Amino acid sequence: MSGALLPRFPFQRSGFAPPAEYAVFRDRAPVTRVRMADGAAAWLVTSHDLVRQVLSDPRFSTNPLTPGYPAVTLGRVDLLKAEVPQTFIRLDPPKHTEVRRMFTREFTFARVNEMKPRIEAVVGRLLDAIEQRGAPADFFGDFAVPFPTTVTSGFLGIPEADHLFFQERSRTRVALDLGPDAPIEAARQMRARIEAILIARLAATEDRADLIGRMLADYVVPGTMTLDEAAATLELFMMAGHETTANMLTLGLLSLLIDPRGLGALAEGESAVRNAVEEMLRYHSIVQYNGLRAALEDADIGGVAIRKGDGVIALINAANRDPAMFPDPDRFDPTRDATGHLGFSYGPHQCLGQGLARLEMRVAFAELARRMPRMRLAVGVDELVFRYGSLVHGVDRLPIAW
Amino acid sequence: MASTGCRSPGDAAMPRILIDRTRCIGAGQCVANAADHFTQSAEDGLSVALAPATTAVQRVAVERAMAACPVQAISLIDDP
């Protein structure tokens, strides 16, 4: 498909709002052609039902090496193609299923719940430090970044001394405005450090206290997984645990603080916190361009004939603002029932760590509401700097007072 | 189809919960929505059906679990 005269994807967004084009396309043609960074055309899918359908359909590949895979930026495609070996989120069934299942036991509902006391302890420590330093604090830098890093690193077995190293590089890795070289170099450095950590741990593989220990003992030592594959998987878990939760917490808090009720919206207890967290996931849908697919076969989606080798973008943040699914979708309403949102995607690639992410968010917001019920923004909303040049949406700083 | 199911004696009219383990991806949404009716294997993280729903409240929970499953791995079957 050639795309010379088509609208150029991606479109510009503004603050919380996804690009205005998404709603226009959804109304007129929920499967529509756009032009990608490399000049090729791709199909943009913007309605909730059709996005869900594409994400469930095995005829659409998630592998960046499949012909037709959409190029959001040229650098991003270079980065994904340079990821060797590929992790399971970039693989199609049956290989995807096989590798993902090696790790599902780590993220069960029961296992995640066992982590709750540790998560509460981390939240408590970080809020203690913020209170001791006094207002204003930068919620993003002082809480939202170190919190998931500390939880995830402890669970995986990443030494504390390496936290900052990985935080900086994961930020660079999801940047879309730095050209192709910086994200690839950040990925190379992350991989080298992870391999060094794994090699050091190979000396004591009877230690099963963290995911690294279990992965080495159960998969690497018996030869089910190479050291390369183990390093790539660990890197995936690090990335998935860093940027996403940090930015969800930050934008989620921001949307609560600009609501007249503030954190008071969470005062009614556990179910209020749960609802609010689901609404944050729906409303912000912070991964801006996921649902990238390439057609392995011809397929009919919503009456549109998609051909083998066509690129498809099943746009999750457009689906989550579909009025057919969520009435008045552009309003943030922490009391609404946001069930059915696709914030963790859908189909066989739905987020493996969603239980952990939800628990982190619920614990954090419950504690914030309890300890700082009168929290407010310490700057005007118009002073906030949104990160438009990142794969993961967010703000650079979120100054708060309480 | 590899499946697990469980049925309490005396629940003849209750449809049995069936999980297609070839589809299950261990997302845990069934347990999150209906912990009395689903659990996850500690060994591989895939879902395992527990008791069928016997009350209206339980049926709502099981239906929510079915709707939340991202890969439609849950079905209800009426045994003859």
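To find a chain, count down the sequence lines: A is the first, B the second, and so on, and within it residues start at 1. Just so you know, these numbers come straight off a predicted model, no measurement behind them. Worth knowing before you read on, the calculation uses all heavy atoms, side chains too, and leaves out hydrogens, waters and symmetry mates.
- Evaluation of the ring-ring contact (aromatic ring centres under 6.0 Å, His included) rule for F237(A) yields F103(A), F107(A) as partners, not counting sequence neighbours.
- With sequence neighbours left out, P85(A) forms a side chain to side chain contact (heavy atoms under 4.5 Å, CB included) with R191(A), D228(A), E229(A), A232(A).
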Between chain A and chain B, identify all donor-acceptor pairs below 3.5 angstrom, including backbone and side-chain atoms.
unit_1	atom_1	unit_2	atom_2	d
R100(A)	NE	I25(B)	O	3.2
R100(A)	NH2	I25(B)	O	3.3
R101(A)	NH2	R21(B)	O	2.6
R101(A)	NH2	T22(B)	O	3.4
R101(A)	NH2	C24(B)	O	2.8
T104(A)	OG1	D44(B)	O	2.4
F109(A)	N	Q40(B)	OE1	2.8
Y346(A)	OH	Q72(B)	NE2	2.6
G347(A)	N	P70(B)	O	3.2
Q354(A)	OE1	Q29(B)	NE2	3.0

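- Chain A forms the most heavy-atom pairs under 4.5 Å with one residue out of G26(B), C69(B), P70(B), and that residue is P70(B).
- When the candidates G45(B), G28(B), A67(B) are compared by the number of heavy-atom contacts under 4.5 Å with chain A, G45(B) comes out ahead.
- Proximity to chain A is limited to the backbone of A42(B), based on heavy atoms less than 4.5 angstrom apart.
- Taking M239(A) as the reference, S170(A), R173(A), V174(A), M190(A) meet the side chain to side chain contact (heavy atoms under 4.5 Å, CB included) condition, with sequence neighbours excluded.
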